[in-house]
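For reference, the structure is listed below as structure tokens.
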Protein chains: 2
Amino acid sequence: MLKKERHAFIMHQLNLHNKVLSNDLCQIMEVSEDTIRRDLQELSAAEKLIKVHGGALSLSFSEVQFSTDHLYSPEKKRIIAEKAVSLVENGMFVLTGGGTTIVEMAKVLPPQLRATFITGSIPAVNEYLKHPSIDVVMIGDKILKDSKITCGSEAISKIRQLNADICFLGINAIDSKSGVTENDWEVANLKREMIEASKKVVCLSISEKLNSSQPLRICGLEKITHLITELPPDDKRLNDYHKAGVIVL
Amino acid sequence: MLKKERHAFIMHQLNLHNKVLSNDLCQIMEVSEDTIRRDLQELSAAEKLIKVHGGALSLSFSEVQFSTDHLYSPEKKRIIAEKAVSLVENGMFVLTGGGTTIVEMAKVLPPQLRATFITGSIPAVNEYLKHPSIDVVMIGDKILKDSKITCGSEAISKIRQLNADICFLGINAIDSKSGVTENDWEVANLKREMIEASKKVVCLSISEKLNSSQPLRICGLEKITHLITELPPDDKRLNDYHKAGVIVL
DNA sequence: TAAATAGCTGCAAAAAACCGCACAAACTCT
DNA sequence: AGAGTTTGTGCGGTTTTTTGCAGCTATTTA
């Protein structure tokens with residue numbers, strides 16, 4: 001196998017799997033480890049991949065993972081937030097969860113908006129209180145320290161009494177098969193109730209969380225009315241959700 | 001799993017949840033605890049995260065936590081706060097109002113204290129959440145924007161269900177004849193309920209507010225068990241309250 | 001205060017990377 | 001065409017990196 005061929009093959013594998021192992025490569029191509037090592041060295045020098053101990057990673061891998069050092073992809077969340085606020089209208093009763101995306105959304109609410117925001121999230125409330133004209137209602141209960149939201153039977157019974165116009169949820173994982181999933185028992189219960197208590201349900205999620213799932217199921221896609229990501233609505237990664245009848249923004 | 005992959009995965013988890021546990025990581029990635037520990041050490045050295053006992057925290061999280069928006073703290077309120085915390089014991093259920101004095105008190109709670117703090121004040125909750133070991137319960141209702149406390153029938157009915165060990169109130173006016181008075185209708189109602197719901201009632205007030213009164217009466221001195229000011233307890237300005245049977249600190 | 005849990009240090013084994021060299025294929029230049 | 005040169009490849013031995021383990025210390029928790 002020629003050198004150029006090997007290079008092309010390595011790049012191909014890398015595009016498919018974002019990762020190659022030196023061992024696999026030298027077995028498949030039936031060359032020595034040294035040859036592979038030198039191939040990777042050259043491709044790395046040409047900045048076509050990232051060489052690591054034991055193999056190599058694709059450039060996109062590093063971009064996605066390490067480009068976003070501080071606040072996690074704030075620009076993506078800002079895009080999501082901007083789309084989300086367009087759904088809020090004057091006079092609405094809005095139920096929101098917690099999380100950084102919801103806080104971003106709180107920051108970009110138009111100043112002249114008049115609506116009532118109901119939440120159990122402390123960071124969200126802190127933002128809502130800065131707004132000049134919206135009303136803020138806090139759902140009370142014991143506060144979960146790590147996620148800083150009120151959580152418990154008291155909170156759930158309060159949410160059950162609501163019939164909000166719209167509900168915004170930052171979600172951890174969504175998948176066309178498993179629906180919306182979560183890894184925290186209490187938070188999952190809470191989100192489930194919030195969904196039931198609202199006429200429209202808007203899920204906010206960065207695209208990395210698409211097509212991932214976690215142990216606890218919150219609901220299927222049929223309960224979701226809107227899905228907002230930082231991607232344009234016609235991105236192919238969103239096809240499954242379109243098909244499921246979700247409005248994708 | 002390659003080392004870089006592990007690092008990327010750890011950062012990913014961290015960005016999603018602001019926190020990772022060493023144990024979870026070594027189970028998910030199927031490597032030894034030592035490997036995870038070394039990964040965290042390296043990422044910590046590269047200032048990508050903050051290593052703590054048992055896991056790691058994201059940088060953005062710590063920034064929020066330790067953000068140095070140190071409000072200037074008047075000496076008097078600090079003195080009052082120091083006296084007030086001495087009344088809190090482990091295992092107590094503590095009901096607190098809002099106001100700057102209460103927030104000062106929240107800041108000086110001893111780190112090893114274990115108690116449950118119940119409040120409707122957003123600024124107070126923000127402080128309580130920084131404490132490592134206390135439980136925090138939020139009283140829910142519509143939030144009064146100017147005083148940043150939850151207020152309304154819902155809050156009042158919740159407080160009625162309580163039987164707290166002790167209640168701390170920052171007060172606006174106190175007088176040996178009129179008792180404790182207030183100028184906000186909603187806040188007055190709330191404080192009245194909080195006093196009824198607690199075995200001990202501690203009033204916190206800077207000395208300037210002594211012997212002043214406002215239009216709305218909350219209660220007489222007989223309902224107050226403790227009064228704390230920045231003055232030494234034997235100051236002559238406090239004589240009236242001594243005589244009324246209030247413990248003056 | 002004692003048990004449990006997490007961290008640290010040194011060590012050893014395995015894997016991977018590296019270095020120098022030899023040899024073969026390809027390419028160049030007369 | 002053929003000798004010399006460049007380039008690519010594989011092999012043996014050495015070095016570095018990575019990882020897990022055992023024993024010990026420090027911290028946390030009950």
Side-chain angles (χ1 to χ4, degrees), chain A residues 1-11 13-14 17-58 61-62 65-66 144-146, chain B residues 1-11 13-14 17-58 61-62 65 88-92 109-116 130-136:
Chain A
M1 202 172 206
L2 263 38
K3 188 165 147 183
K4 274 265 169 66
E5 283 183 282
R6 288 199 311 273
H7 285 199
F9 181 80
I10 291 171
M11 290 313 296
Q13 290 294 106
L14 219 42
H17 308 115
N18 280 332
K19 157 180 147 179
V20 289
L21 300 178
S22 305
N23 251 328
D24 296 354
L25 288 176
C26 63
Q27 280 183 24
I28 293 172
M29 297 200 267
E30 294 178 341
V31 290
S32 74
E33 292 175 30
D34 294 73
T35 302
I36 293 300
R37 189 174 49 73
R38 281 186 277 242
D39 285 341
L40 294 183
Q41 256 175 351
E42 286 174 34
L43 289 168
S44 170
E47 298 192 350
K48 301 268 188 177
L49 51 75
I50 296 170
K51 205 159 92 71
V52 297
H53 203 93
L57 301 171
S58 84
F61 181 85
S62 80
Q65 304 297 343
F66 289 112
L144 284 184
K145 281 226 176 149
D146 47 0
Chain B
M1 203 170 201
L2 265 36
K3 188 166 145 181
K4 261 250 170 76
E5 280 186 288
R6 287 198 312 271
H7 286 196
F9 181 81
I10 291 170
M11 290 312 295
Q13 290 294 108
L14 216 44
H17 306 117
N18 280 332
K19 163 179 133 181
V20 289
L21 301 177
S22 305
N23 252 330
D24 296 354
L25 289 175
C26 64
Q27 279 184 23
I28 293 171
M29 298 201 264
E30 295 178 342
V31 290
S32 73
E33 293 172 30
D34 295 72
T35 302
I36 292 299
R37 189 173 48 71
R38 281 186 278 239
D39 284 341
L40 294 182
Q41 259 175 347
E42 286 174 35
L43 289 168
S44 169
E47 297 193 351
K48 298 266 186 178
L49 51 75
I50 292 172
K51 206 157 90 71
V52 296
H53 203 92
L57 301 173
S58 86
F61 181 79
S62 77
Q65 280 295 72
V88 183
E89 295 164 22
N90 276 328
M92 271 188 167
L109 289 173
Q112 78 285 2
L113 177 68
R114 294 190 155 272
T116 303
K130 293 177 187 170
H131 191 282
S133 54
I134 63 173
D135 285 338
V136 189

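Chain A is the first sequence line, chain B the second, and so forth, proteins listed ahead of strands; every chain is numbered from 1.
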Would you indicate which nucleotide in dA17(C), dT19(D), dC11(D) comes nearest to any side-chain atom of Asp34(A)? dC11(D)
Rounded to whole Å, how long is the line connecting atom CD of Glu33(A) with atom P of dG12(D)? 13 Å
Whole-Å distance separating the NZ atom of Lys4(A) from the C1' atom of dT9(D): 17 Å
Of all heavy-atom pairs between Ile36(A) and Cys26(A), which one has the smallest distance, and what is that distance? CG1-CB, 3.6 Å
Heavy atoms of Leu40(A) and Ala56(A) approach each other most closely as CD2-CB, 4.2 Å
What is the distance, rounded to the nearest whole Å, between atom CG of Leu21(A) and atom C1' of dA17(C)? 15 Å
With a 4.0 Å cut-off on heavy atoms, is Arg6(B) in touch with a base, just the backbone sugar-phosphate, or nothing at all? sugar-phosphate
Does the side chain of Asp39(B) reach to within under 4.5 Å of the side chain of Leu25(B), using non-hydrogen atoms? no
Less than 3.5 Å between a donor and an acceptor, one on the side chain of Arg38(B) and one on the base of dG20(D), is that the case here? yes
Contacts of Glu42(A) and Arg37(A) projected onto DNA chain D by closest heavy atom; the upstream (5') one is Glu42(A)
Any Gln41(B) side-chain nitrogen or oxygen under 4.0 Å from OP1 or OP2 of dC8(C): yes
Supply the atom-to-atom distance Lys51(B) NZ to His53(B) NE2, rounded to the nearest 0.5 angstrom. 9.0 Å
Between P of dT7(D) and CG of Leu2(A), the distance in whole Å: 16 Å
Does the pair Lys48(B) and His7(B) meet the rule for a side-chain contact (heavy atoms from CB on, under 4.5 Å), with working shown? CA-CA 10 Å; Lys48(B) 298 266 186 178; His7(B) 286 196; over 6 Å; no
Distance in angstrom units between Arg114(B) CZ and dA30(D) P, rounded: 7 Å
From the candidates dT19(D), dC8(C), dG10(D), the one with an atom nearest any side-chain atom of Thr35(B) is dT19(D)
Whole Å only: how far is the CD atom of Glu30(B) from the C1' atom of dT19(D)? 15 Å
Given atom CD of Glu5(A) and atom P of dT9(D), what is their separation to the nearest angstrom? 11 Å
Among dT18(D), dG20(D), dG12(D), the one nearest any side-chain atom of Ser32(B) is dG20(D)
OP1 or OP2 of dA15(C) under 4.0 Å from side-chain N/O of Asn23(A): no
Gap between atoms NZ and C1', on Lys3(A) and dA24(C) respectively (whole Å): 15 Å
Over all strands shown, is Lys51(B) touching base, sugar-phosphate only, or nothing at heavy-atom distances under 4.0 angstrom? sugar-phosphate
